[in-house]
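If you're wondering where the values come from, they're calculated on a predicted model, not measured in any experiment. In this chain, residues are counted from 1 in sequence order.
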Amino acid sequence: MKIESKWKPIKLRAEDDSDLQIFSQCLYEAIVLPSEIKYDKRKNQFAMALERFTWEASEGKDYMLLQVLSILVINGVRGVEAKKNKQINKIKSLLSISNVDNNILILLNNEDIINLNVKKWSCTLEDIGKQI
């Protein structure tokens, strides 16, 4: 059986903390380039392109993991703060995404944190590329 046949593109929407837990599982160890992170203050929208692993189709077997290009969009963002270490322009991996007191926290490796101050937020996660 082909590994690719188990994978189907995802298109998810999150509107509460439990939804974000599913996003966090889907995005675990996703590859993030700092140049692919954008915040549009006028639209109150934060977007991030990333290469995520297909955890949902791997049946717990690492050799069945594929990578797919995805877009994460968070609406209702009133401000962005980033705590970065000295390796600002390095490739990162996403460790978790969660909501704490109207702050969506995106934890990256090397202790980098993106803090999104949100109000009436919603998120979408969509695979836009083919698996690699």
Heavy-atom pair with the smallest gap, counting every atom of [X] and [Y]:
X    : Y    : answer
C123 : F23  : CB-CE2, 3.6 Å
K8   : E56  : O-OE2, 4.3 Å
E15  : S122 : CG-CB, 4.3 Å
S96  : S24  : CA-OG, 3.3 Å
F53  : I31  : CZ-CD1, 4.4 Å
L94  : M48  : CD1-SD, 4.2 Å

Would you say [Y] ends up clustered with [X] if hydrophobic residues are merged whenever their side chains have heavy atoms under 4.5 Å apart, either directly or through other cluster members?
X    : Y    : value
I113 : L116 : no
Y28  : L108 : no
W55  : L12  : no
L125 : L33  : no

(message) The test is side-chain contact (heavy atoms from CB on, under 4.5 Å); show your working for I71 and V73 and say whether it passes.
(response) CA-CA 6 Å; I71 299 289; V73 177; 3.6 Å; yes
Under 4.5 Å between any side-chain heavy atoms of [X] and [Y], yes or no?
X    : Y    : result
W121 : L20  : yes
L27  : I106 : no
L72  : I97  : yes
E36  : L50  : no

Without swapping roles, check the side chain of [X] against the backbone of [Y] for a donor-acceptor pair under 3.5 Å.
X    : Y   : value
Y39  : V77 : yes
N44  : N75 : no
N117 : G79 : no

Quick one: [atom1] on [X] to [atom2] on [Y], what's the gap to the nearest 0.5 Å?
X    : Y    : atom1 : atom2 : answer
R78  : K119 : CZ    : NZ    : 5.5 Å
R13  : I22  : CZ    : CD1   : 14.0 Å
K120 : N102 : NZ    : CG    : 11.5 Å
L95  : E29  : CG    : CD    : 7.5 Å

(request) Would you check, one step at a time, whether the test side-chain contact (heavy atoms from CB on, under 4.5 Å) holds for I104 with F46? (result) CA-CA 11 Å; I104 293 181; F46 177 88; over 6 Å; no
(message) Against R52, only a single residue in V32, V68, L65, L66 fulfils side-chain contact (heavy atoms from CB on, under 4.5 Å); can you say which?
(response)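 In the set V32, V68, L65, L66, the residue that makes a side-chain contact (heavy atoms from CB on, under 4.5 Å) with R52 is V68.
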(request) Start with the C-alpha distance between K90 and N110, add both sets of side-chain angles, then the distance that settles side-chain contact (heavy atoms from CB on, under 4.5 Å), and finish with yes or no. (result) CA-CA 10 Å; K90 299 281 184 178; N110 296 326; 5.7 Å; no
(request) Applying side-chain contact (heavy atoms from CB on, under 4.5 Å), run through I37 and I114 and close with a yes or a no. (result) CA-CA 10 Å; I37 299 172; I114 301 171; 4.1 Å; yes
